[in-house]
Peer 1: 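Attaching a single structure in C-alpha cells format; questions to follow.
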Protein chains: 2
Amino acid sequence: MNNTPVTLKFLAEKLKMSVSTVSKALNNYPTINEYTKKRVQEMARDLHFTPNKSAINLKERKSRIIGIILPNLLDHFFTRSIYGVEQFAMEHGYNVIIGQSHDDLEKEIQLANMLLKSRVDGLIVAISKHTQDFSHFDQFEQIGLPVVYYTRNPSFNLNCHKVLGNTFRGCYQATKFLIDRGHKKIAYLGGPKMINFTHDRFNGYINALKDNQVSFDASLVAYTDFDKENTIAAIQNLFANQENTPTALVAFKEPILFDAVKYLRGINHPKFDEFECVGFGNNSFISYLDSPPIASIEENPESVGENAINLLLKLINREIEMENYQKVMVDCKLVIHDLT
Amino acid sequence: MNNTPVTLKFLAEKLKMSVSTVSKALNNYPTINEYTKKRVQEMARDLHFTPNKSAINLKERKSRIIGIILPNLLDHFFTRSIYGVEQFAMEHGYNVIIGQSHDDLEKEIQLANMLLKSRVDGLIVAISKHTQDFSHFDQFEQIGLPVVYYTRNPSFNLNCHKVLGNTFRGCYQATKFLIDRGHKKIAYLGGPKMINFTHDRFNGYINALKDNQVSFDASLVAYTDFDKENTIAAIQNLFANQENTPTALVAFKEPILFDAVKYLRGINHPKFDEFECVGFGNNSFISYLDSPPIASIEENPESVGENAINLLLKLINREIEMENYQKVMVDCKLVIHDLT
DNA sequence: TTGTACGCGTTATCAG
DNA sequence: CTGATAACGCGTACAA
C-alpha cells in the first residue's frame, strides 16, 4: 500500500524548485535551462511521473471522452468497427463510451441525451433504421461538439459529416463477379428500405447489370427487414416463378444470406447445386458452412471506425472547420472463398 | 455555438448565493434549508446542470476508469462479457479501457503498465494462456488498486479475487446429457493444457462418467491449442482406433467443435450420422450448420462480466477488504438445440 | 442556516 | 531563466 502519487508538486519538492518550473521543463518550454530540463525529466522518468488526466481535462475543459451510438454490438460489423475506433482513440488519449440503440429511436434519443450530460467531446453515430429527425444529435453541434455519422447514411441530414463504406462499388463488384461467372439471372436481396445502403447497393447491382448487358428483372429483387420470417418470405418471392428462378444472389448481409440458403436447402430446391451467392460481411464462420457463399464483400469495418474517429478528432481539434462538412468513403473488397 | 457550461458558480450567481450552498443543496446536506434546496434543485434541473466529472475525479483522486485486459475481442465469449462489464460500469459512473493481449505475455505486461500509467481505479483481467508470473498485476494491488481475475483461472496465483464460470458443472451436465442419450464412448476434446478450464472441464467430464458407471478410456481424450491443424490432429487421434471410435464428443469450445465436425464430414466418417456433440459457447451461428451440435453449454459471459465489475467496484469502494479474497462462480446452462 | 477558504494537479500569465 | 499566483469545477471543514 505504498500509495505515493507522483505529482508535479512532489517532483518540485524533491528537486527543490517550483511547481511551475517543473511543469514547464516537462513540457519543454524554451525558456527553461537545458540542464534544469534534463534534471527534471530524468527525475520524472525515474519516479514514473504521469500527468493526472483529470486535472488536465479540468483545465482544458475537456472530458477526453467520445461517445458512440450504434444499433447493436452483436452485429459483427459494429463490433469490428468499434475496435478501429477504440484503438485509435486510445492512442490519442481519448476514451470511448458505447451505447446500443437496438435500432430503437427512443433509446437512441435517450443515449444521445445521456452522452450529452456525460460531456463527451464528440459523437460517432450509426443511426437507427428509424432515425429521420436529427434534433437529438443537432444539439451537440449547437454547443460546438462535432458529430460524425458513420456506417449508416443519414440521407435526411444534408449538412453533416459522414464516413461510409463504399457499398455501391462493393455491390457492383460482386454483381460483376457473378456475371463473369456466367450468371444471367442474379437476384438482389436488400435490407430494410429505411436504410440507405439498401438502395446504394441496389444501384451497384443494377449498374453492374447494365454495364454488362444483363437485362434487369424486377421480380429478382426483394427486401427484408432482417427478421427471419421476413427474409424467408422475400426468398419465397424471388423463387416464386418456376420458369424464372435466379441462379445467383447478392445479399445485403451475410446472416440473411445464410437464412436464404438454409431455406432453399430445406425445400430441396432443384437447381440449388448451381446456385451461387455473395453477401456483405465475410464472416469467419463461412468455412464451416456446407453451402457457403462463393465470395464475400469485405466491408473493412475497422477502417470505417478508424476513419470516423480520425475525422472526429480533427473536428474536435479544429483542424477541420465544423461547417466544412466532410464525406469519407471506405472501400470494400471482394473476397473469393477458397473452399478446399 | 451557445456554449455556456452550467457550473455551480453559474447557478450560484443566478440564485445569488454562494457556491458551497449550491453544492450542499444539490448533495442534500441536512444543514440546508428545505426551501433553499428546492430552489437550487429546480434551477439545476431547468438549466440541465451536470457536475463536471473531471473536477470530482480530481478532488476524489480517482479516475473512474477501470481497465480490462483480455486475450481477444474476436472471441464471442469475451465480446459478450465486455458487454456485461460496460453496461454495469456505465451505470455506476465508470468508464472502461479495453486491451487485447492476443494471448501474448509480453503484450499483457505492456498493457498492464499502460493501464497503471492511465491511473485506472481497478483492473479486470482474463490472463493470457502463458501467464504464470503475476508481478505485472501485483503492482496494482501494492498501491491499493484491486484486481479481479475473470474467465481464466490464475491457478498459480493463490491470493486473488476471481470470477469464473462454473465450467466443471457445465461439462458435467453436458456429459451426463450425452450419457442419458445412450452414448458409451464419449470423447473429450480439451483446449490448451495451459488453461485451467481445460482441466476443470475434464474433471466435469470424468466425474459424470464415473457417477453414471461409464468406463473411462484415455484414448478418448485429446487436446488442442485452438490452432486448426492442431485440432485436426487431435481429432485424428480420437478416431485413430477403428474399433473404438467415439460416438459423441464434448468440446472445449464451439469453434474447435466445428473444426472437428468439418473434418469428420470431410473424410466421410462412416458413423458420422449417429455422432452427437456438445461444445461450450452457444454460438448463434449454429442454426446455419448442417451438422450442428445437439446442445451447447451456455457460459453466460455477460453475467461473468457483470459479476467481475460488481466485485471490483465493491473492492474499490472498500465494501470488501482487499485481502478478503473472493471467488465467485457463475453457472453455465445446457441449451438443447431445437433443430427443426 | 449560510458563507469563506482551501485543496485536488495542472498550466498560463506575469513578475522578478 | 525561474517563481508566485490564479484559475479550471467541485466538495467540505470551519467560521459566522
Side-chain angles (χ1 to χ4, degrees), chain A residues 3-41 43-44 47-65 93 116-121 143-144 317, chain B residues 3-41 43-44 47-65 93 116-121 143-144 317:
Chain A
N3 205 338
T4 333
V6 182
T7 67
L8 289 186
K9 189 202 277 188
F10 184 78
L11 291 179
E13 281 165 7
K14 279 250 180 225
L15 292 159
K16 292 188 199 308
M17 44 178 126
S18 81
V19 177
S20 57
T21 308
V22 174
S23 171
K24 286 172 192 163
L26 289 174
N27 291 322
N28 243 311
Y29 265 55
T31 69
I32 300 291
N33 184 339
E34 278 306 320
Y35 175 65
T36 317
K37 273 189 198 170
K38 188 163 288 175
R39 277 184 63 212
V40 174
Q41 286 167 359
M43 169 112 335
L47 268 53
H48 302 105
F49 168 79
T50 348
N52 183 316
K53 276 264 180 196
S54 296
I56 294 176
N57 294 341
L58 175 60
K59 186 134 241 310
E60 295 186 348
R61 297 151 166 268
K62 284 192 167 189
S63 66
R64 301 245 164 208
I65 294 176
L116 190 65
K117 295 191 76 171
S118 299
R119 287 187 149 77
V120 293
D121 291 338
I143 58 170
N317 298 327
Chain B
N3 204 336
T4 334
V6 181
T7 67
L8 288 185
K9 189 203 279 186
F10 183 78
L11 290 178
E13 282 164 9
K14 279 250 181 224
L15 292 160
K16 294 189 198 309
M17 44 175 127
S18 81
V19 177
S20 63
T21 309
V22 176
S23 170
K24 286 173 191 161
L26 289 174
N27 290 321
N28 247 309
Y29 264 56
T31 69
I32 300 292
N33 185 341
E34 279 306 320
Y35 175 64
T36 318
K37 273 188 196 170
K38 188 162 287 178
R39 277 184 64 213
V40 173
Q41 286 168 0
M43 168 112 334
L47 269 52
H48 303 106
F49 167 79
T50 348
N52 183 316
K53 275 265 180 193
S54 296
I56 294 176
N57 293 341
L58 176 60
K59 180 136 247 305
E60 294 186 348
R61 295 152 166 268
K62 284 193 168 189
S63 67
R64 300 243 165 211
I65 294 175
L116 190 64
K117 294 191 78 171
S118 298
R119 286 185 149 77
V120 294
D121 291 339
I143 59 170
N317 298 327

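Note: hydrogens, waters and symmetry copies are ignored here, and every other heavy atom, side chains too, is used. Below, chains carry the letters A, B, ... as their sequence lines are ordered, and counting in each starts from 1. For clarity, every value in this text was computed on a predicted model and none was experimentally measured.
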Peer 1: Can you list the residues that meet the side chain to side chain contact (heavy atoms under 4.5 Å, CB included) rule with A/Val6, with sequence neighbours excluded?
Peer 2: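 For A/Val6 the side chain to side chain contact (heavy atoms under 4.5 Å, CB included) partners, ignoring immediate neighbours, are A/Phe10, A/Leu11, A/Leu47, A/Phe49.
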Peer 1: For DNA chain C, note the earliest and the latest nucleotide, 5' to 3', having some atom under 4.0 Å of a heavy atom belonging to chain B.
Peer 2: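 Listed 5' to 3', the contact boundaries are C/dT1 to C/dG9.
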Peer 1: On DNA chain C, does the nearest nucleotide to B/Lys24 precede the nearest nucleotide to A/Phe49 from the 5' side, or the other way round? Give the residue.
Peer 2: B/Lys24
Peer 1: Does anything in residues 25-37 of chain B reach DNA chain C, meaning a heavy atom under 4.0 Å, and if so which residues?
Peer 2: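 Residues of residues 25-37 of chain B under 4.0 Å from DNA chain C: B/Thr31, B/Ile32, B/Asn33, B/Thr36.
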Peer 1: Sequence neighbours excluded, which residues qualify as side-chain hydrogen bond (donor to acceptor under 3.5 Å, both in side chains) partners of B/Asp121?
Peer 2: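 B/Asp121 satisfies side-chain hydrogen bond (donor to acceptor under 3.5 Å, both in side chains) with B/Ser63 only.
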Peer 1: Would you give the length of the straight line joining atom NZ of B/Lys62 to atom CD1 of B/Ile56, rounded to the nearest 0.5 angstrom?
Peer 2: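 Here the interatomic distance stands at 11.5 Å.
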Peer 1: List in chain and number order the residues that pass side-chain hydrogen bond (donor to acceptor under 3.5 Å, both in side chains) with A/Thr21, two or more places apart in sequence or in another chain; answer none if no residue qualifies.
Peer 2: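 Per chain and number, A/Thr21 pairs via side-chain hydrogen bond (donor to acceptor under 3.5 Å, both in side chains) with A/Ser18.
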Peer 1: Once you round to the nearest 0.5 Å, how far does OG of B/Ser54 lie from CZ of A/Arg61?
Peer 2: 12.0 Å
Peer 1: Please identify each residue that fulfils side chain to side chain contact (heavy atoms under 4.5 Å, CB included) with B/Lys117, with sequence neighbours left out.
Peer 2: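 If we apply the side chain to side chain contact (heavy atoms under 4.5 Å, CB included) test to B/Lys117, skipping adjacent residues, the hits are A/Thr50.
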Peer 1: What residues, two or more places apart in sequence or in another chain, satisfy side-chain hydrogen bond (donor to acceptor under 3.5 Å, both in side chains) together with A/Thr7?
Peer 2: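 With neighbours one apart ignored, the set is empty.
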Peer 1: I would like to know whether B/Asn57 and A/Asn57 meet side chain to side chain contact (heavy atoms under 4.5 Å, CB included); could you show each step before the answer?
Peer 2: CA-CA 10 Å; B/Asn57 293 341; A/Asn57 294 341; over 6 Å; no
Peer 1: Let me check something: any side-chain donor-acceptor pairs from residues 22-35 of chain A under 3.5 Å, sequence neighbours excluded? List them with distances.
Peer 2:
from	atom 1	to	atom 2	distance (Å)
A/Asn27	ND2	A/Ser23	O	3.2
A/Asn28	OD1	A/Lys37	NZ	3.2
A/Asn33	OD1	A/Tyr35	N	2.9

Peer 1: Does a nitrogen or oxygen in the side chain of A/Thr21 sit under 4.0 Å from OP1 or OP2 of D/dG3?
Peer 2: yes
Peer 1: Please identify each residue that fulfils side-chain hydrogen bond (donor to acceptor under 3.5 Å, both in side chains) with B/Arg64, with sequence neighbours left out.
Peer 2: B/Glu60
Peer 1: Expressed in angstrom and rounded to an integer, what is the separation of A/Leu8 atom CG from D/dA6 atom C1'?
Peer 2: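 Answer to the nearest Å: 16 Å.
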Peer 1: Between B/Lys16 and B/Arg119, just flag the one whose closest nucleotide in DNA chain C comes earlier from the 5' side.
Peer 2: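 That would be B/Lys16.
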Peer 1: Taking the side chain as every heavy atom from C-beta outward, state whether A/Val40 and A/Met17 have any pair of such atoms under 4.5 Å apart.
Peer 2: yes
Peer 1: How sharply is the helix from C/dT1-D/dA16 to C/dG16-D/dC1 bent, taking the axes over five pairs at either end and rounding to 10 degrees?
Peer 2: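 Axis-to-axis angle, ends of the helix: 60°.
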Peer 1: Is the count of non-hydrogen atoms from other residues, nucleotides or ligands lying under 6.0 Å from A/Lys14 atom NZ greater than 12?
Peer 2: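 No, because the 6.0 Å sphere around NZ of A/Lys14 holds 12 heavy atoms or fewer from other groups.
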Peer 1: Partners of B/Lys59 by side chain to side chain contact (heavy atoms under 4.5 Å, CB included), sequence neighbours excluded?
Peer 2: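 Applying side chain to side chain contact (heavy atoms under 4.5 Å, CB included) to B/Lys59 gives none.
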Peer 1: Starting at atom NZ of A/Lys9, determine the distance to atom P of D/dT5, rounded to an integer number of angstrom.
Peer 2: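 Distance check: A/Lys9 NZ to D/dT5 P gives 14 Å.
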Peer 1: Short of 4.0 Å, heavy atom to strand atom, which residues of residues 52-60 of chain A count as contacting DNA chain C?
Peer 2: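 Only A/Asn52, A/Ala55, A/Ile56, A/Lys59 qualify.
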Peer 1: Could you tell me whether B/Ser23 contacts a base, only the sugar-phosphate backbone, or nothing, with contacts defined as non-hydrogen atoms closer than 4.0 Å?
Peer 2: base
Peer 1: Per the atom types in the model, does the base of D/dA4 pair as donor or acceptor with the side chain of A/Ser18 at under 3.5 Å?
Peer 2: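 Side chain to base: no pair present.
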